[in-house]
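The model shown is predicted, which means the values in this text are computed figures rather than measured ones.
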Amino acid sequence: MADVFINYRTGDGNETAALIDKELSNRFGKDRVFRASKSIPPGSAYPDALLTSLRRSALVLAVIGADWINFQSRLHKPEDWVRQEILEAFACGLPVVPVLAGRTTERLKKDDLPDALARLAELQSVRLDTQNAEADLKRLGDLVAEMIPELHDLEHPEAPSPGPGSVSNSAGDIHGTAVQSRDFTGEVGSTVIKGSTGPVHSGNGNIYQNSRHVSGGRHYSGDGMTNVEGDHHGDIRHRFGGPGRHEDDER
């Protein structure tokens, strides 16, 4: 069942309706939002699907575009679907929130509306400006969650109590790669080391750092030798002596 029904007129507020649908679907789940062009399957009886979904909804968002009021001839026709949906919402006692699409769209005035829709002008509206879309969509989503507690609970589920012998862990702000697991099988595909200020060795193989060492044609010199060759089992000891000699001192 869809909780939010989006009422809009094609050619006036359909793009805004799509933005609202995307935001609310990402936040609460796609099945929680009804938008006719998305939610009615091909081949379905359009009037039945539309009215059934409306009557089962908990909230109607009526998108009012810049030209909404200019469709006067349609608004006066009983068969106009924008009109029918709003009147059906009133008849069912559903809350209707006008959403003013754009920065310059004005609030509705009773004198500009058919008598049957005059109530729409008395309802508190919200604005959705595409130039401030992220903040306005977030604000609209917060309003929807406040008006429909079930949706608010979807965003803040209660954590289940841990069972006997269970293990839980948590991670705060992570910047980079993190692996959390109780029972882990397989392998991590890469080793990420950040902030290193010197050589780092991970895995099998040899490493020589600042040492007087000759191995396999590699010649390193200097004090403070670090040498790991092959597979390592046990400890590593590092010794620093006094100032070392230059390679030329050997000749």
| task | Could you please spell out the steps behind the side-chain contact (heavy atoms from CB on, under 4.5 Å) verdict for R27 and L24? | result | CA-CA 5 Å; R27 186 164 171 175; L24 300 184; 5.5 Å; no
| request: For the pair R139 and D136, find out whether any cationic side-chain nitrogen is under 4.0 Å from an anionic carboxylate oxygen. | output: yes
| field | S37 versus R35, side-chain donor and acceptor atoms under 3.5 Å | value | yes
| said: Taking the side chain as everything from C-beta on, heavy atoms only, tell me whether I69 gets closer than 4.5 Å to L108. | reply: yes
| request: Please report the closest heavy-atom contact between N70 and A66, naming both atoms and the distance. | output: ND2-O, 4.3 Å
| V99 backbone acceptor or donor facing R127 side chain under 3.5 Å | no
| message | Donor-acceptor pair, distance only, cut-off 3.5 Å: does the side chain of S44 make one with the backbone of I40? | response | no
| task | Check the pair R74, R9 against side-chain contact (heavy atoms from CB on, under 4.5 Å), reporting the backbone distance first and the verdict last. | result | CA-CA 10 Å; R74 294 189 186 182; R9 185 176 297 284; 3.3 Å; yes
| query | Does CD belonging to E79 count more than 12 external heavy atoms closer than 6.0 Å? | reply | yes
| Distance-only, no hydrogens or angles: does the N26 side chain make a donor-acceptor pair with backbone N or O of K22 under 3.5 Å? | yes
| What are the two closest non-hydrogen atoms of E85 and L54, and how far apart are they? | O-CD2, 3.3 Å
| Taking the side chain as C-beta and beyond, is there a heavy-atom pair between R107 and P98 under 4.5 Å? | no
| field | V97 side chain near L123 side chain, heavy-atom distance below 4.5 Å | value | no
| query | Which atoms form the tightest heavy-atom contact between L75 and P114, and what is the distance? | reply | O-CG, 3.6 Å
| message | As an exercise, state the distance from CD of E146 to CG of L59, rounded to the nearest 0.5 Å. | response | 11.5 Å
| note | Closest non-hydrogen contact found for V96 with A89 is CG2-CB, 3.7 Å
| Exam field: side chain D67 to backbone D12, donor-acceptor pair closer than 3.5 Å | no
| remark: Residues L87 and A116: closest non-hydrogen pair is CD2-O, 3.2 Å
| message | I'd like to know whether F34 forms a side-chain contact (heavy atoms from CB on, under 4.5 Å) with D21, so could you lay out the CA-CA distance, the side-chain angles of the two residues, the decisive distance to 0.1 Å, and finally the verdict. | response | CA-CA 8 Å; F34 181 93; D21 181 15; over 6 Å; no
| query | Does a donor on one side chain and an acceptor on the other come within less than 3.5 Å for T52 and D48? | reply | no
| field | Interatomic distance, K138 atom NZ to D142 atom CG [nearest 0.5 angstrom] | value | 3.5 Å
| field | N/O donor-acceptor pair under 3.5 Å between K77 side chain and R83 backbone | value | no
| note | Looking only at heavy atoms, the pair that brings R32 and E150 closest together is NH1-OE2, 2.9 Å
| said: Can you classify the ring geometry of W81 versus Y46 as parallel (below 30°), tilted (30 to 60°) or perpendicular (above 60°)? | reply: perpendicular
| task | Ignoring hydrogens and angles, tell me if any N or O in the side chain of N14 forms a donor-acceptor pair with the backbone of G11 under 3.5 Å. | result | yes
| query | So does E106 have more than 12 non-hydrogen atoms from other groups sitting under 6.0 Å from CD? | reply | no
| Got L128 and I20 here, is their nearest side-chain heavy-atom distance under 4.5 Å? | yes
| Less than 4.5 Å apart, any side-chain heavy atom of L94 and any of R55? | no
| request: Could you walk me through whether V4 and L61 pass side-chain contact (heavy atoms from CB on, under 4.5 Å), step by step? | output: CA-CA 7 Å; V4 183; L61 299 178; 3.7 Å; yes
| task | Check whether any side-chain heavy atom of D80 lies under 4.5 Å from a side-chain heavy atom of Q84, and answer yes or no. | result | no
| field | Any side-chain heavy-atom pair of V82 and I86 under 4.5 Å | value | yes
